[in-house]
Amino acid sequence: MRILLAEDHPDNRDMLSRRLTKRGFDVVLAQDGLEAVAQTRAQKPDLVLMDWSMPNMSGLDAIAAIRADPAIANTPVIALTAHAGADHRDACMQAGADAFATKPVDFKALLRLIVDHLPAARRPQALGDEE
Amino acid sequence: MSKGIKIQFAALSYRTKLTVAIMLTAAIVVALTCLAFLAYEATTARRAIAEEQLALAQFTAQNTTAAVVFYDRAAALENLNNFHLTPQVRHAAIFATGMDEALAVYHREGLPLDSLERPSLATKSKITAPEFLFGQETLHLTVPILVDDELLGHLEMEVGLDALRTRMLTYLGIGAMVFSLVLVIAFLIARLLSFLVSRPVERLSAAMTQVKETRDYSRHVAKSGSDEFGRLIDSFNAMLDEIARRDTRMEQLVAQLTAARDEAQAASVAKSQFLANMSHELRTPLNAVIGYTEIIEEDLEDAGIDSADDDLRRIKASANHLLSLINDVLDLSKIEAGRMELDPHDFPLSQVLDEAIATISPIARRRGNQVEVDAVPDLMLYSDSTKLKQALLNLLSNACKFTENGRITLSVRRCLKAQRECIALSVADTGLGMSQQQIDGLFQAFVQADPSITRKYGGTGLGLAITQRFVQLLGGDIEVSSQPNAGSVFTLRIPLRLDAGSTGVGSLAKARAHLRSGEANARPAPLILVIDDAADARDLLERWLPRLGYEVVTAASGSEGLVAARHLQPAAVLLDATLAAGAGHGLIEQLRKQAHGRHLPVIMCGGHAETQDWPATQIDLALVKPLDRAALGAALALATQQPSGHVLLVDDEAGFRDQLARDLRDGGFNVSDTGDGATALALLRGAPIDAVIIDLMMPDMDGNALIDRIEKDARIASVPRILYSAKTLAADERAHFEAKAAAVIAKGPRGQMRLYECLRQILADQAAAAAARWA
């Protein structure tokens with residue numbers, strides 16, 4: 001199970017990748033939106049966790065770019081943001097995100113979102129026990 | 001009657017009134033004059049005639065004396081016959097005293113005989129002086145015939161008054177002519193005079209009307225003289241000036257106020273923006289703090305060390321408290337923008353107090369404070385426990401902050417406020433206390449009693465402001481009593497049961513805001529209220545309904561459903577039969593009552609037996625569980641009256657196309673689909689299609705080319721096109737496609753809802769146009 005984690009904040013990137021790796025995910029990292037799109041093309045992850053505010057290319061633009069590329073357009077994307085408003089959620093959804101999580105991340109809830117949005121065939125059985 | 005005339009006269013124009021007054025005066029004067037003249041003339045003429053005829057009679061009587069003395073009839077008759085020279089005399093007769101018969105009688109020719117023929121004056125033997133008597137048309141004269149004062153006989157004479165009547169009639173005619181002439185002259189003069197007098201009034205009146213209609217207070221009325229009207233016009237002009245001056249001043253004031261308001265709004269927006277940004281900046285590092293704490297916790301757990309490590313737990317608790325504070329800062333900005341959301345539910349009061357005391361106790365201990373709690377009544381509240389706890393914690397932590405080595409007492413009692421049952425929670429401390437001046441600024445945001453307090457005791461100064469706003473949201477109030485160095489008592493009172501209607505139920509308002517994403521050319525997706533106590537059934541419908549083009553809100557109980565129905569006004573309700581049976585038949589009735597007179601369709605979902613047992617009059621449709629998605633879509637389309645039609649879907653991505661076509665079919669549309677532009681054109685030409693959904697990026701013929709081809713073919717150029725693409729469009733591209741298509745929608749979960757909204761709007765418009773054509 002390969003997850004691309006796009007996050008510019010080093011601590012948050014390190015923290016989340018460690019926790020996901022521990023759960024058995026193959027975590028690929030990206031530091032900004034451009035890298036996120038490039039890595040999605042190169043690594044074909046099963047799912048993308050995309051931070052909203054990143055340098056060079058924002059998470060929203062990166063999501064749109066993924067959706068615009070037919071080769072990777074079907075990759076599920078969960079948007080992460082420290083913005084808490086309902087309008088931000090709408091903006092993420094409009095850009096093409098499949099789901100939305102607010103920072104600070106409730107890790108269990110995030111895992112559940114990830115499981116829900118992984119393609120059914122690739123859904124790990126073991127993760128269901130997290131709840 | 002007279003009242004009617006009065007009203008009619010009152011309604012006449014000033015000018016007509018003047019004319020009538022002048023003419024009436026003239027008419028009365030002339031009429032009276034004429035009448036007086038006629039009366040005087042009549043009297044004078046009659047007297048003249050009487051005297052003239054009497055003289056004639058006396059003259060004749062003297063001449064007849066000899067004839068009477070000698071009873072000479074021939075001489076007497078000769079004397080009488082002289083009367084034929086005076087045509088007025090009609091009859092005359094001479095009588096001798098003691099004779100029954102007249103000595104001589106004269107009758108004017110052509111006149112009928114009258115009583116004079118007979119001796120009528122036999123009884124008048126005593127007559128000594130001439131007499132006359134006016135009759136209807138005649139004057140009757142009697143003259144004695146005397147010789148040395150001895151009465152020998154008398155002469156009777158009857159004179160016609162024709163001449164007098166003719167004369168009087170002539171006078172009357174002249175009088176009438178004069179009267180008419182005077183009236184005509186009076187009318188002309190009145191007209192002229194009233195024109196002179198009323199013209200300024202009319203001009204003033206016209207000016208007033210114009211000012212009233214145009215509201216142009218800069219107009220002036222030209223002055224025509226210095227009489228009363230002139231002064232009136234002066235006053236009117238002065239009044240206009242004053243109004244114009246006030247208008248100008250008011251405009252300036254409004255402009256100033258508008259500018260001030262805009263400034264204030266801009267400042268408020270800036271503040272909200274600042275708060276939102278600050279919240280964002282604080283959340284990012286907090287994410288790492290909480291995440292790493294959890295990593296350590298997990299590592300300890302993995303290593304078999306008890307994770308209930310106090311230090312770690314405190315880090316986590318503080319991080320969470322910090323998070324809630326950040327949320328509160330956002331909350332405050334939301335409250336001030338009127339966007340605060342409440343989440344009312346049933347909970348025991350003791351739970352909130354226990355949690356608050358557990359949180360505050362360690363803080364209190366650190367400052368050597370003792371926390372005491374009075375007996376807590378065992379009460380259930382219907383309110384927002386998070387907000388109540390936050391309010392209480394704010395009061396308790398304030399008390400701890402300003403008290404050292406003292407006592408903090410939390411007491412609870414029940415009370416009444418505005419005839420509603422409330423609880424009063426008091427937090428009393430033995431700390432610093434406050435002066436009246438400090439109390440006055442207490443509840444203002446970003447204000448602390450003394451700036452030095454921030455440095456000494458920390459805090460943002462938001463605590464009490466948020467507390468007060470929360471308590472107000474919960475329908476309550478907060479009071480404080482304090483004296484310097486004598487501690488403070490904060491008392492908050494909130495109703496036992498929150499009246500959702502009076503404060504606005506927030507969690508539902510969120511759902512409402514979510515709904516307002518539609519645009520002008522879209523028919524907003526109907527909101528369906530799902531009431532089902534089974535979580536998996538709610539989840540299923542929450543996933544299905546948006547795919548079928550319906551917004552969804554769920555409720556787990558009848559009471560929750562009623563609140564949702566009241567605040568969200570759903571288009572239809574999907575009601576679980578088992579839940580409905582448990583809640584009783586009144587539930588549907590009450591649900592319908594929330595629809596404010598509109599019919600609220602209720603679709604019952606349940607087993608065969610359950611739905612059939614239900615009275616058919618109460619429900620609109622029944623669906624058998626397990627639900628069939630197509631049947632659900634059909635039932636909802638029927639219940640919410642969605643338009644339907646034939647839609648062509650053109651997308652080269654087969655998997656996506658199949659999925660969307662299935663969704664649209666279940667959503668109630670007749671769908672044809674194809675992966676290439678050439679087939680699409682053939683389909684469009686082959687069958688009547690109401691709308692076509694086009695993907696932009698396709699091999700061979702892309703969406704843009706397909707749209708161009710459709711536009712160039714007159715037979716199908718009128719078919720509305722919706723561009724549904726995953727491509728992010730630049731502004732100019734977007735404008736280009738918006739000109740060519742009915743709608744441009746980005747693919748995605750919200751996009752599919754937009755697609756439904758636009759399709760339904762297009763079909764509804766077509767149906768309306770068709771109806772108008774046939775009407």
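Within every chain, numbering begins at 1; the chains are lettered A, B, ... in the order of the sequence lines, protein sequences first and strands thereafter.
Nearest heavy atoms, M697(B) versus A68(A): CE-O, 3.5 Å. In terms of heavy-atom proximity, G291(B) sits nearest to M15(A) at CA-SD, 3.4 Å. In this structure, Q94(A) and A746(B) approach most closely via the heavy-atom pair O-CB, 4.4 Å.
With sequence neighbours excluded, no residue forms a side chain to side chain donor-acceptor pair (under 3.5 Å) with D539(B). Remark: D536(B) pairs with no residue by the salt bridge (charged side-chain N to carboxylate O under 4.0 Å, His left out) rule, at least two apart or across chains.
Two residues are said to be in side-chain contact when any heavy atoms from C-beta on lie closer than 4.5 Å; N74(A) and F656(B) fail this criterion. Side-chain contact between E7(A) and T284(B) is absent, with no heavy-atom pair separated by less than 4.5 Å. Contact check for E653(B) versus P70(A): no side-chain heavy atoms found under the 4.5 Å cut-off. The side-chain heavy atoms of R19(A) and E294(B), taken from C-beta on, include a pair separated by under 4.5 Å.
Just one of L286(B), N287(B), I290(B) meets the side chain to side chain contact (heavy atoms under 4.5 Å, CB included) condition when paired with K103(A); it is N287(B). Tested against E298(B), the residues R23(A), R18(A), K108(A) include a single salt bridge (Lys or Arg N to Asp or Glu O under 4.0 Å) partner, R23(A).
Contacts between D61(A) and chain B at a heavy-atom distance below 4.5 Å are absent for every atom of the residue. Contact of A73(A) with chain B is not made at all, since no heavy-atom distance falls under 4.5 Å.
Interface residues of residues 30-44 of chain A toward chain B, defined by a heavy-atom distance below 4.5 Å: none.
When each of I295(B), L696(B), V289(B), L282(B) is checked for heavy-atom pairs under 4.5 Å with chain A, I295(B) comes out on top.
The distance from atom OH of Y292(B) to atom CG of N12(A), rounded to the nearest 0.5 Å, is 7.5 Å.
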Step-by-step side-chain contact (heavy atoms from CB on, under 4.5 Å) determination, K22(A) to D302(B): CA-CA 12 Å; K22(A) 203 175 160 193; D302(B) 293 348; 2.8 Å; yes
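Side-chain atoms of D11(A) do not come within 3.5 Å of backbone N or O of A288(B) as any donor-acceptor pair.
Screening residues 4-23 of chain A for ring pair (Phe, Tyr, Trp, His ring centres under 6.0 Å), with sequence neighbours left out, gives no hits.
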